[in-house]
Structures are given as C-alpha cells and as structure tokens.
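From a predicted model like this one, the values you see are computed outputs, not experimental measurements. Read the numbers this way: they start at 1 and go in the same order the structure lists the ligands and their atoms.
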Amino acid sequence: MEHPVVAVVDLETTGLDPGRDAIIQVAVIRREQGAVRRFASLVRPPAGVPEVVLRLTGLNPDALAAAPPWPVVQPQVAALLEGAVLAGHQAGFDRAFLGETVPAGSPVLDTLLWSRIAWPGLASYRLENLVEARGLTVEPWPGLPRADYHDARTDAAAAWALVEDLAQDLAGLPVDVRQDLERLLPEEWGVWQALAGDAPRSAARSPLRAPWREEAGGSEPEAYDGPLPGAGWWLGAEGPLAASWPGYEPRPAQAALARAVEAAWEQDRLLVAEAGTGTGKSLGYLVPAALAGLGRGERVLVTTHTVALQDQLWQKDLPAVTGRLPVRTALLKGRGRYLCLWKAEEAWGRAAGQELALSLPERQAWAQLLVFMARAEAGDADELHAVNGEVRRLWPALQADREACAGPRCPFSGPCFMRRAYRQAQAAHVVVTNHALFLAHAALGEGGLPPYRRLVVDEAHHLEDAAAQAFGFRLDLAELDRVLGTRLAVRRGAQVAEVAAGLENLRGRARAVREEAGRLGARLAAAAPAGEGPRPVRVDAARWTAWEADGTAAAVGSLAASLQALAGAAGDVLEVARGLFGEGVREDPAWLAVLSWQRDLAAAAQGLGEWGRPHPAWVSWWTPVGEAGAVLERRPLVVAGLLRRLIWDRVRSAVLTSATLRAPRGRTEAEAFAFITRVLGLPPERLDTLAIPTPFDVPRQALLGVVEDFPGVDEPGYLDRAAGFLETVVPPLGGRTLVLATSHRTVRALAGLLRPRLEARGLRVLAQGLDGPPGRLVRAFRQGGGSILMGASSFWEGVDVPGPALALVVILRLPFASPGDPLREARDERLRQEGRSPFRERALPEAVIRFQQGFGRLLRTPADRGAVVVLDGRLGPAATRYSREFLRALPGPRLVSGPESEVVAALRAFWAQGGD
Ligand code: SF4
C-alpha cells in the first residue's frame, strides 16, 4: 500500500450515546503525501450541556452558544475525511457520532485498541498517560496556548503522535508475530505497514517459534563476603540511601523497626510489629531482609496480601535497596498467573487452523496474546490488560498449572515465564510473593516456592482470613462445567483403539456429570432465600438435616461420587497412555491436559464429599449465581494450629507487620497484641512484640468529629441525614472527601441521593461499583477536580491519597462485620459454646482494627491535614462501654463529639485555621 491518507479525528460530545447526545467540538488532522490540513470548531449543541461535561472539557458555554451548528460544520469535516483512513483514540466512538459523515467502507484505526495490542502491560491507556509513557512529543495545535487534554484539538494532536509511534513500534515486532497480525487483522495491519514506511523491521522470532530448553541445575543465593554494616547505617544519615536519595530523611521509627527485625533474625525469634502510618516500614524490614540474605547466603520470603503493596515493594522499595547492595531479588506469583507457552502454542495452532471462523473479538484477542507472548517480561496476568472479554475467556486454558506442566522436559522450559520466575526466585536473597501463594505452598508442602527459613509477613492482619481460604475448599459449578466440557483430544496415541475408546467413554461420562452438576446448581439456587443479590447461605446442622430428608444431601454426595469415578476413569486412560509412552506422556500437552483434568476432578470430588456435612471445626456455605449456578465453599473456623504446624514451627525466624495489629488497647502491650497472636497461633515462647507509633503530629494534623445525634444506620432517615450532612460540608471543600461505608448497598443508595445534589454544584460523585473499577476511581480522585469518592470494604485500606486531594474522611458507621458472613457466624457460635464472648474476642477487635485502617486513610504524609467524621453516635465517648476502645486505638486526633451542628461548626473552624 502506498503511504495512506489518514485523518485523525477527536470529538467532544454532550454524552456517550450517539442516538441522544450531540457533538460540541471537533478537531481533524488530515495528512496526505506529507501535506497536513487541520480543522477544528466548536459546535452549537441543540440543547444544554451537562455541567460535568463543561467541567471535564473546560469549554465555555457562551462560546458554544455562539458556535455554528453541526449542519454547518459537517461538510467541512466530511471533506477532510473523504478518501482517508479514519483514526483516533477510541475511534469507534467518534465514528458512531459522525455517522454518514464517514465514507462507507472507510478503514478505521483505533489507537486505544492498538495500544492495548502493542503494549499489553501499560498501567493506563488514557491518551495523556500513553503520551507520557511512550515519551511522545505532541505537536501543539496552532494558536492553542497550552496542551489541554479533553480539548479535541490537543487530543487529536496527541492521537496523531500515537499513530506515528504505533506504526514504528509495530514494525519492530518479531517477524512471525507480524505475519500473524496480518492474517488476523489484514486491513488495519496493511495501513500500519504502509504508515511505517521504511522503518526497520525486526528479523527476530518470538519465543513461540524459537523454543529452547532450560539448562540443568540452578543456583542458590550466595553469601556476600565483603563488609556489611547493619541496617541502621544503611538507613541512617551517613548511609547510602541518604547519599543518593534527594530529600531523604532518616526516620527514627524506621530505624527502630529495622533494629527489631535484625534482632529477630539474630536470635531466631518471631516478631509481631505494628508500625504506624509514616514509619516507612517497608524499608524498615527490606533492608534487614536483604542484609540477612546476603550475610548468610540464604533466602528471605516477603509476603503481602494486596497486589498494590506487592507492586510497591517490587517497583519502588526493593529497587532502592538493590541499587546499593549486590542483593538478588525475585517476584513470584501463583502459577495460574503465568501464561504457559506450550499451551498457548497448542491453542494458537488450533485457532490458526480455523482462522476464517474466528470472530473479530477473537482475532483482536489473539493479536494481543501473540504480542504479549513475544514482549512480556514476566508473562504474568498483571502484565496483560485484556483488549476484550475474549482474552479473559481464553486465559484459563492458557495459564500454567502444577499438573499440566512438562517441567524441564518442555521444549519451552527455557523461555517459560513461570520457570524463569522460579529460577530467579531460587537464586534470590529476597523473594516477594503474596499470601495466597505462600499459604498454598505451606498447605501443599510442594512446588511453587523455593525453600526459605526466614519470613516477613506484611499486611499480617489479613493472614487469618487468607489462611482460612487457602486451607479451605471452593468449587464454582460454572468452572466445574468448563472443566468437564474441556475438549479431550490427544494426537499421540489417538489411533490406539484402547485410548480412543477410553477417551470416548470419558467424554460421554463427562456429559452426564455436567448435567448432574447443573441439576445440583438449580437445586441450590432454588434453596437460597429470596433476597437482594447473591448472598452466601450457610449450611448449618439444621439445613443439612432438612437436606437429608429432601434429597439435596444425597445429590451432593452423588455428584462427589460421580466426579471421583470420572477421575478414576481418567486415571485408567492415563495408565494406558503411560504403558504406551512411559513418562513421555508428560511431554505431550494434550496428555498433560488429561492429567490436569483428572487432578481437578479428583480435588473437586474430595472437597464436595465433605462439603455441607456438619463439623465442629469447619463451616460450609454456598453463594447462588444466576438460576443454576453456585459457588460452594468450606473453611476451617480456626487456623492457629495449622499455621503453627505448617509455618511457625518450620521457619527459623519471622516478622509479622502491619499498620494495625493491636486491638483493643488501653492495657499492656502484650494484651493489646493478644488477639492477633492468638488467632494466628504464634507460639508465645518464641514471640516478641513491638508497637511503633506513627511519627505524624496527629493532634495538630487531624480532627476527629463524632456526630452523636444521628439515627442508627439501619433506621429510616439515616441516609437522608448522611446526604444532608455531606451536602453541607463537601461543597466548601471542593470535594476532596472520602466516604467509607460498610456495605455496597449503602454506597449505591447514598450515591443515588447525593449525585443530583452535588453534581448540580459542580462536584463529581465517584462511587465504587457504579462509576468504574476501584483503581480507576482512586486515580481519578487523586487527580482532584472536585470529587467525592465513596466505597465499602476494600476502600477502608486500599485508598492512598497523599496531599490536598483528600481533606475529609467520613465514616458512616463503626465497621462491625455485617451479619450474614457464614465464617464469622460460625466462629462466634464456637466461642459461645466455649463460654467465651464473641463480641469481646472477635467482633470488637476486628472492628477496632478496621476503624484504625479507615482513620489511617486521612494522613499519608507529615504535611497532610484534615478531618475524620464518624456519623455513628455509638462512638460518643460516653455512648457505649466499648466506644473508648475505638477512641484509644487512634493516635490522638483532636476530638469533637456532639450534635451535628456542633461538629459542623468545629469543622468550619478547623478549616478556617488552615485545616486543609
Ligand atoms: S514448562 Fe510448563 S508452564 Fe512452562 S511452558 Fe512448559 S508446560 Fe508450560
């Protein structure tokens, strides 16, 4: 193709619906044989423009009212699009609004889609973020004083820069991937090729076409024989961090944590350390971990609960250490997070064979996956931001798995992402992983993680629940249906009659078991109490007795037996295959798939055989999904003994840390840690505890307001009062408010009440579950712009907004666990049976820890100032016998407690004194 004529278009509109909304700004850049024509115009809308759109685009309503209407602008746009390839960021959106202005059959290049294909691992695909991530220079629009994203002129100019960058970058893909992209998306690929002109084309081949086997053996972490001063020096004023880190200031609290960690390593002790916000706890344990690993030539495992913290350690904190010490580090995720190159090759071979039958979304998905395989560094799912739902649908069949892995025999064992990560971890002094993988490894005692003797558990307050999940059982009937429906086809041995008959038998039986599972799903869906949304339903002794009478218990047992029999039949077929090929079975991905199938069914059969039956130490429940779906779960009530046996008794030393581990307070330190040490089964004879308060000046930086005259959160009128309170205090702050609820239902209801009231005043409501995924909401909130952010559960600890973007945190109610959580209910019952108080031993400490986390959202740096307001009268200092436990758990904010009017007046006075 000759150099194509390309017209990059960007539109601003009154909304997202082309049938209802109107264009209010258009910008076009047309390039033809080196000549550039630009056109931009405001467009007078037929009706008003929503306030939020005006704020987002910065367009002037008077200028819009004076602009020409679309029928006047349209011919000029049509002339520029004539004979051109239409390009733009989310070009499908612009195309839909332009309608017949775009010549029929004109090719469309979507820079958003192709950015996802070309760079699957970027954190954001917003135009401005792509420009920054790719280091692009955007040619300014003539006459426009500054680049202003969401102005169509800047966006069109940025999209043009992206088109040029994509064309050059795609030319650098391995030669075989380029050929595949041409087969999958020929028309668009042809345009990219032409746009790339004579850019150098790569002659390299992707790992899929150039497999190699890994070399035998692997290295272990090596001891460093040079001088290694202690962590205090590394973190201190004379240390290398201070010398090379602009603005670095030694933190005494961090040094205290590091000393305690070193002492625990030295004396082979277990340390539980609460380190308040601002301590700098990550470096407080990473530096001693690196020194211990280097000094002893051994491995230290560091585990976190959230991906956010794992990313922070890996991307920010560890590089600060590795840049100054010869320490080797590795990041390990669960096997299922990595793509298996062998499975991918098999699956792509099948898909390519039926290429003509692939839908457009499937073609786009394969285009992204092939680039991902060629370009991904770690090859894990976190590096793959799916181009569409097809990628997510394909992933389970492509992910690495313990059983279906040929290991060193695999022709791809060299470039294999999972084995590379494992080899790196084997040689590393510090290995970062997550609670789920670490606990699964502890439970299974094999594979997944290299051996370790020293351990750091961050976010340790999540360890109990993570352990209950890891040691428990979960069966999603939809996932079981997918496994049972797997196409069992082998090439090697398929012509052997016994193999063919065995596989045919398996397929027939699998069909019958699928139907049986479907009937159980429908039975469970029908047995769930009617109510709003899918809620977990506990199988207690009374329900099981009723199920024994009505046949449900028998249906559960029957499905378990059928699964077991099917797994056994698969084992028989595998035996035949082993007889034919010996261990060569493990060198054939199709046979490995049968092996994995057998493993999955056997595990499901075993768990299901125990699920639902009353047991004093376990609880079972199911969550209905749709009309015939259900997720079945079973968990241990107490994990203390298991953790002690599987972890604490096996490691030489461990450090458990978090910003919130003590509760309730007000007694001795040992008593304050009693809850966490008891539920985690930490042996007292080896245990030390340490509490490091936040170094922030909390009495000066923070105000705590308790509104005592609010109705109970479940009483009528509560939400109206809460909405009224927020309507009073939020607009003067210009948004900058985080609202923490304890249920998604409350978030939805409150957002519904607030949205019209606040948006009319130019403020944006960002509600979890309504306005986008949590990460995106938090990023939007962080950027400011007059927002109020509302969320439940994960927002109590997952929101980190330093600086003036956050001035107020509103806690709607004290965060006692909601009723209806089967695990908590069963734990409470057990405590009651033992004559203990579930409230004092469980509900209260858990709520106090959660409350501290919510409070902790406010102050993230020493310069932050702001207020936390609790709309729950139970926190009034004299209101309840436990309110003191909550108040004492906080690091001493100034307290104002009283009727709403008093708290509002105190807030105004606080802000008038520069409180924000
Ligand atoms: S070594 Fe295992 S996980 Fe890796 S590519 Fe081969 S079969 Fe897949």
Whether T303 side chain and H435 backbone form a donor-acceptor pair below 3.5 Å:
yes
Within the 4.0 Å heavy-atom cut-off, what R419 brings close to ligand 1 is side chain
Locate the shortest heavy-atom distance separating L181 from A367; write the atom from each residue and the value.
CD2-CB, 3.4 Å
In terms of the angle between their ring planes, are F581 and W591 parallel, tilted or perpendicular, with boundaries placed at 30° and 60°?
tilted
Can you name the atoms of ligand 1, numbered from 1 with element, that are less than 4.0 Å from a heavy atom of L341?
5 (S)
At less than 4.0 angstrom from any non-hydrogen atom of A400, what atoms of ligand 1 do you find?
3 (S)
Quick check on atom 8 (Fe) of ligand 1: does C340 put an N/O/S atom closer than 2.8 Å to it?
yes
Is atom 6 (Fe) of ligand 1 less than 2.8 Å from an N/O/S atom of C405, whether that atom is in the backbone or a side chain?
no
Ligand 1 to A406, heavy atom cutoff 4.0 Å, flagged ligand atoms 2 (Fe), 7 (S)
Specify whether an N/O/S atom of C410 falls short of 2.8 Å from atom 4 (Fe) of ligand 1.
no
Does W342 reach the main-chain N or O of C410 with its side chain, forming a donor-acceptor pair under 3.5 Å?
no
Assess, by modelled atom type and distance only, whether the side chains of T304 and D458 contain a donor and an acceptor separated by less than 3.5 Å.
no
Per-atom contacts of ligand 1 with W342, taking only distances under 4.0 Å to non-hydrogen atoms:
5 (S), 7 (S)
May I ask you to identify the nearest protein heavy atom to atom 4 (Fe) of ligand 1, giving residue, atom name and distance to one decimal place in Å?
C416 SG, 2.3 Å
How about Q606: does its CD atom have over 12 heavy atoms from other parts shown lying under 6.0 Å from it?
no
Within the structure, is a non-hydrogen atom of M418 found at a distance of less than 4.0 Å from ligand 1?
yes
L313 and L286, any side-chain heavy atoms less than 4.5 Å apart
yes
